[in-house]
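Encoded as structure tokens, the structure appears first; notes follow it.
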Amino acid sequence: MIQFINFYKGAVKRYRFLVAGFVAILILTALTSCTSTKPHDLSGVPEEIQLLDTDTGQVFYLGMEKSQIHSKKLVKSDEFSDRSEFFDTYLYEGVNMLFYNDKLIFMQVKDTSPKGRFKMRGLELGSSVDEMREVYGNETTYSHFSNSYSYMILNEGEFYYFKSIAEYMGQATAESSLYILNFVMDGDNRIERFSIFNEKFVDVDLQ
């Protein structure tokens, strides 16, 4: 009888231990789920400066804090070594990212990036020049040398598209923000790589 009672007490302890462990796992899973799926507030972020990672659902944007990006996926890069004194340069899953004062100022989806993974307003590697124009319109600068199209956007609460840096400089104010979208095309006029950056990146070129 004593052996039975001792066995019963042991079984009850083991059961309670298992239940407590199971509950702890459920709580941890719920907390992790809430943390990983909670989106950033993008209500004040224009679509023009967003880049979607379709694998994770995360949206990157110019001005984003480096701390908001999964640190284990950011790998130091020397691809922009000529700018290392101005910016911190990283690779994120094959995408070049440059930071100034820990804020994202440049993103480049390269031709070696996974096709279809990264999108900007629905455009991706392989999208046609006609699809690009349908999304952004025709106000663009074209470079025959690199077979690339650039959109220069002045943000002063409303967006204005310019055809040159000179035109922008003539109208910009201290409160103005400049965004540049650049699409490099292949021989079939499909997007081979694309980038998006702001005036901090441009300022280095103008120095």
Side-chain angles (χ1 to χ4, degrees), residues 33 36-42 45-84 87-100 103-153 159 161 178-198 200-202 205:
S33 175
S36 61
T37 59
K38 184 180 179 180
H40 297 302
D41 181 12
L42 300 174
V45 181
E47 272 191 300
E48 281 80 357
I49 62 173
Q50 297 180 18
L51 178 69
L52 171 65
D53 181 348
T54 61
D55 273 15
T56 65
Q58 184 170 17
V59 176
F60 306 101
Y61 54 90
L62 297 183
M64 187 177 190
E65 297 280 352
K66 187 168 69 174
S67 60
Q68 294 177 286
I69 302 173
H70 200 305
S71 60
K72 291 185 178 179
K73 292 186 177 182
L74 279 176
V75 180
K76 284 291 281 183
S77 168
D78 59 0
E79 187 161 344
F80 290 84
S81 57
D82 59 323
R83 296 170 183 267
S84 59
F87 311 123
D88 295 320
T89 60
Y90 291 88
L91 274 176
Y92 173 92
E93 302 287 298
V95 177
N96 283 317
M97 291 186 173
L98 274 62
F99 296 85
Y100 178 78
K103 290 185 182 293
L104 186 58
I105 65 162
F106 175 94
M107 293 180 280
Q108 182 189 57
V109 179
K110 305 190 296 180
D111 53 356
T112 54
S113 301
K115 192 171 183 179
R117 176 170 178 176
F118 297 98
K119 295 186 177 184
M120 193 161 64
R121 293 191 68 182
L123 297 176
E124 59 186 285
L125 297 179
S127 294
S128 69
V129 68
D130 290 336
E131 290 172 313
M132 179 200 72
R133 284 176 170 152
E134 185 177 347
V135 171
Y136 291 104
N138 292 294
E139 288 296 313
T140 179
T141 299
Y142 176 71
S143 169
H144 291 276
F145 177 76
S146 58
N147 192 24
S148 65
Y149 296 84
S150 295
Y151 288 95
M152 300 179 191
I153 308 171
F159 280 1
Y161 284 72
L178 173 67
Y179 307 131
I180 295 184
L181 321 177
N182 179 255
F183 299 91
V184 178
M185 301 295 173
D186 62 17
D188 297 319
N189 272 334
R190 293 189 172 274
I191 297 175
E192 185 175 66
R193 62 183 183 275
F194 59 94
S195 55
I196 175 174
F197 47 96
N198 66 14
K200 291 296 183 186
F201 187 81
V202 176
D205 290 325

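Between Q58 and Y92 the shortest heavy-atom distance is OE1-OH, 4.2 Å. The two residues S77 and N96 come nearest to each other via the heavy atoms OG-OD1, 4.4 Å. Nearest heavy-atom pair, R121 versus E48, reported as atom, atom and distance to 0.1 Å: NH1-OE2, 3.2 Å. Residue N182 comes nearest to S150 through the heavy atom pair ND2-OG, 2.7 Å, listed as atom of the first residue, atom of the second, then distance.
Looking at heavy atoms from C-beta onward, L123 lies in side-chain contact with Y136 at the 4.5 angstrom threshold. Residues K110 and E79 meet the side-chain proximity criterion, which asks for heavy atoms closer than 4.5 Å. In this structure, the side chains of M120 and Q50 stay at 4.5 Å or more apart for every pair of heavy atoms. Side-chain contact between M97 and L74 is present, with at least one heavy-atom pair separated by less than 4.5 Å. At least one side-chain heavy atom of Y151 sits less than 4.5 Å from a side-chain heavy atom of F183. Using a 4.5 Å heavy-atom threshold, the side chains of Y90 and K76 count as touching. M107 places a side-chain heavy atom less than 4.5 Å from the side chain of L62. Here the side chains of F194 and L51 are in contact, with some heavy-atom distance below 4.5 Å.
The distance from the OG1 atom of T140 to the CE atom of M132 is 5.0 Å, given to the nearest 0.5 Å. How far CZ of F99 is from CG of D88: 8.5 Å, rounded to the nearest 0.5 Å.
When atom types are taken as modelled, the side chain of S127 and the backbone of I191 share no donor-acceptor pair closer than 3.5 angstrom. Without hydrogens or angle criteria, S113 side chain to G94 main chain gives a donor-acceptor distance under 3.5 Å. T54 places a side-chain N or O within donor-acceptor distance of the main-chain N or O of R117, the cut-off being under 3.5 Å. Using modelled atom types, no side-chain atom of Y149 and backbone atom of R133 make a donor-acceptor pair closer than 3.5 Å.
For residues 183-196, no residue pair satisfies the side-chain hydrogen bond (donor to acceptor under 3.5 Å, both in side chains) rule, not counting sequence neighbours.
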Practice task
Could you give me the CA-CA distance, side-chain angles and deciding distance for K103 and K66, then say whether side-chain contact (heavy atoms from CB on, under 4.5 Å) is met?
Solution key: CA-CA 6 Å; K103 290 185 182 293; K66 187 168 69 174; over 6 Å; no
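Side-chain contact check for Y142 and N147: at least one donor-acceptor pair (N or O, by modelled atom type) lies under 3.5 Å.
In this structure, E134 has no side-chain hydrogen bond (donor to acceptor under 3.5 Å, both in side chains) partners at least two apart in sequence or on a different chain.
With respect to the salt-bridge test (charged N to carboxylate O, under 4.0 angstrom), the residues K115 and E124 do not qualify.
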